[in-house]
Amino acid sequence: MYRIPSARIGLASAGAFALTVGLAVVTGPAAHASADRSHGDDSCRLESSTLTATASVNQELTGQFADYGDTAGAWTGGDSTFSLPLQGGELGWFFSDTFLGEVNPDGSRPQDSLFVNNSIVVQSRQGLRTVTGGTAEQPDAVAPTGVANTWYWIGDPADGRGKTIQIPLLQFEKTGTGSFDFRWTANRLATLDSRTLRLIEVTDLPSERGINWGSWTLQEGRTTYIYGIEDVAGVRTAFVARTTDGDGLKGAWTFWDGSRWSASEADAAPVAENVANEFSVEKFRDGYLMVTHDTSELFSTRVVAKVGCSPTDMFTGDTELFRTPETGAAGTYGDADVFTYNSHSHPELTRGSRLLVTYNVNTFDNVGDVYDDASIYRPRFMDVRLTVTR
């Protein structure tokens with residue numbers, strides 16, 4: 001049964017919104033907090049600069065995924081939309097809840113469409129292809145739990161040792177009969193063979209604090225930074241951990257406590273506020289850029305950038321990159337149930353000051369809308385150009 005991913009909704013407003021194609025949006029200099037001293041200087045020019053954003057729809061990827069979803073008889077929609085370069089120049093797009101099968105000529109999705117909790121769409125020069133677990137006759141998640149009424153939603157994948165891919169997983173379980181009767185129970189790690197994309201094993205990740213680790217991973221040399229969120233009464237706060245032994249998420253974790261690295265997850269201190277369940281952090285100029293849905297207001301359509309001077313800095317500032325046009329009764333679908341969430345960038349596709357940013361679209365009507373119109377439950381692709389001035 002399809003479940004709305006409410007635990008990952010990065011959301012925001014049913015109020016006024018418009019897609020800011022070609023519209024410049026400016027923010028003032030960002031505030032700055034303590035940096036990771038392992039990166040040297042605790043200041044950067046980026047923190048005192050003004051960012052201006054201009055956004056437009058990436059027509060190539062939008063068209064490619066729409067055509068593939070409508071005609072391939074494979075992937076027809078999904079969310080999360082993380083990406084990772086694969087062997088042979090291919091690019092993997094990693095999805096959580098995924099619909100499979102056909103799309104009807106009128107754009108609707110058959111009621112008996114297959115559904116799995118995670119999948120991969122591989123992009124190559126030959127086009128797109130869908131990777132799932134199970135068999136051709138009975139597809140399953142790439143990383144299934146094997147236990148009834150439990151499932152994994154994915155986090156941002158990373159490269160592992162020995163030609164492997166590491167995917168942080170959020171484990172959920174059903175708690176009742178309603179669509180929203182479920183809860184997070186643990187963090188896990190899936191290891192895949194990077195050539196076949198087949199599951200090798202699932203192991204445990206730190207879960208004692210209740211932080212959902214895997215919102216983003218940032219790999220710099222032998223160091224892997226792992227970001228996660230804690231949701232307290234609807235307020236989402238970001239934290240960061242790291243490993244330093246070149247073994248990715250399988251390494252020995254330490255947690256940033258605001259001034260140093262601690263072996264205790266309980267010491268983890270916030271590095272950003274009002275973030276979505278999924279976001280991105282990438283090196284940008286002489287600092288770091290965080291892209292996220294603004295969650296300071298309910299159902300906000302704002303996609304914003306925050307800046308910091310290191311991976312552990314307190315990311316601040318809210319440069320509006322664009323607003324998503326789909327949300328609410330006044331949106332492009334004219335449907336009060338439709339919302340957008342979990343925007344982030346794709347660093348491997350960043351070109352200078354041009355970012356590729358994706359976000360997800362969904363609906364609270366998970367027995368009607370997602371079947372009536374297959375285009376709702378698909379990622380959106382945006383080109384964002386940033387100008388930095390002092």
[X] (side chain) donor-acceptor with [Y] (main chain) under 3.5 angstrom:
| X | Y | result |
| --- | --- | --- |
| D313 | F315 | no |
| S113 | R109 | no |
| D286 | L46 | yes |
| N104 | G107 | no |
| Y377 | D97 | yes |
| T324 | E326 | no |
| R209 | A268 | yes |
| S262 | S264 | yes |
| T62 | N58 | yes |
| N118 | Y152 | yes |

Taking atom [atom1] as the centre, does [X] end up with more than 12 heavy-atom neighbours from other residues, nucleotides or ligands that are less than 6.0 angstrom away?
| X | atom1 | answer |
| --- | --- | --- |
| K163 | NZ | no |
| R161 | CZ | yes |
| E201 | CD | yes |
| R125 | CZ | no |

Side chains of [X] and [Y]: do they bring a donor and an acceptor to under 3.5 Å?
| X | Y | answer |
| --- | --- | --- |
| N277 | R236 | yes |
| T150 | Q171 | no |
| R222 | T244 | no |
| D181 | T175 | no |
| T98 | N117 | no |
| Y341 | D79 | yes |
| H346 | T358 | yes |
| T292 | H344 | no |
| S194 | Q87 | yes |
| T363 | D365 | no |

ILVMFWY cluster, [X] and [Y] together (side-chain gap under 4.5 Å):
| X | Y | value |
| --- | --- | --- |
| L197 | I200 | no |
| L114 | V103 | no |
| W153 | V116 | no |
| V131 | I154 | yes |
| V271 | W261 | yes |

Working to the nearest 0.5 angstrom, can you tell me the gap between [X] [atom1] and [Y] [atom2]?
| X | Y | atom1 | atom2 | result |
| --- | --- | --- | --- | --- |
| R302 | D294 | CZ | CG | 4.5 Å |
| M290 | D318 | CE | CG | 10.5 Å |
| S280 | L355 | OG | CG | 8.0 Å |
| S343 | F322 | OG | CZ | 6.0 Å |
| R285 | C44 | CZ | SG | 12.0 Å |
| N212 | E278 | CG | CD | 10.5 Å |

Quick one: are [X] and [Y] in side-chain contact, heavy atoms under 4.5 Å?
| X | Y | value |
| --- | --- | --- |
| L100 | T132 | yes |
| P311 | W256 | no |
| I167 | L192 | yes |
| R242 | T254 | yes |
| I165 | L86 | yes |
| V281 | Y225 | no |
| S124 | E90 | yes |
| L386 | L321 | yes |

Subject >> Test: R378 and D70 ion pair at under 4.0 Å >> reply: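 A salt bridge is present here (some side-chain N lies under 4.0 Å from a carboxylate O).
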
Original post:
Are the charged groups of R354 and D383 less than 4.0 angstrom apart, N to O?
Top reply: yes

Which Ile, Leu, Val, Met, Phe, Trp or Tyr residues join [X] in one cluster when any pair of side-chain heavy atoms under 4.5 Å counts as a link?
| X | answer |
| --- | --- |
| V304 | none |
| L91 | L61, F65, Y68, W75, W93, F95, V121, L128, L349, L356, F381 |
| W213 | L189, L205, I211, I226, F239, L249, W253, F255 |

Subject >> Stepwise side chain to side chain contact (heavy atoms under 4.5 Å, CB included) test for V275 and I229 >> reply: CA-CA 8 Å; V275 298; I229 69 105; 3.9 Å; yes

**OP:** Could you give me the CA-CA distance, side-chain angles and deciding distance for Y359 and F339, then say whether ring pair (Phe, Tyr, Trp, His ring centres under 6.0 Å) is met?
**Re:** CA-CA 11 Å; Y359 63 94; F339 59 86; over 10 Å; no

Subject >> Candidate pair D156 and T217, rule side chain to side chain donor-acceptor pair (under 3.5 Å), full reasoning >> reply: CA-CA 6 Å; D156 184 38; T217 59; 3.0 Å; yes

Original post:
Are K283 and Y288 in a cation-pi setup, meaning NZ or CZ lies under 6.0 angstrom from the ring centre and within 45 degrees of the ring axis?
Top reply: yes

**OP:** Go through N360 and T81 one step at a time and tell me if the side chain to side chain donor-acceptor pair (under 3.5 Å) criterion holds.
**Re:** CA-CA 8 Å; N360 298 137; T81 322; 2.8 Å; yes

**OP:** Using the side chain to side chain donor-acceptor pair (under 3.5 Å) rule, take Q219 and T224 through it: C-alpha gap first, then chi angles, then the decisive distance, then the call.
**Re:** CA-CA 4 Å; Q219 293 187 291; T224 297; 3.3 Å; yes

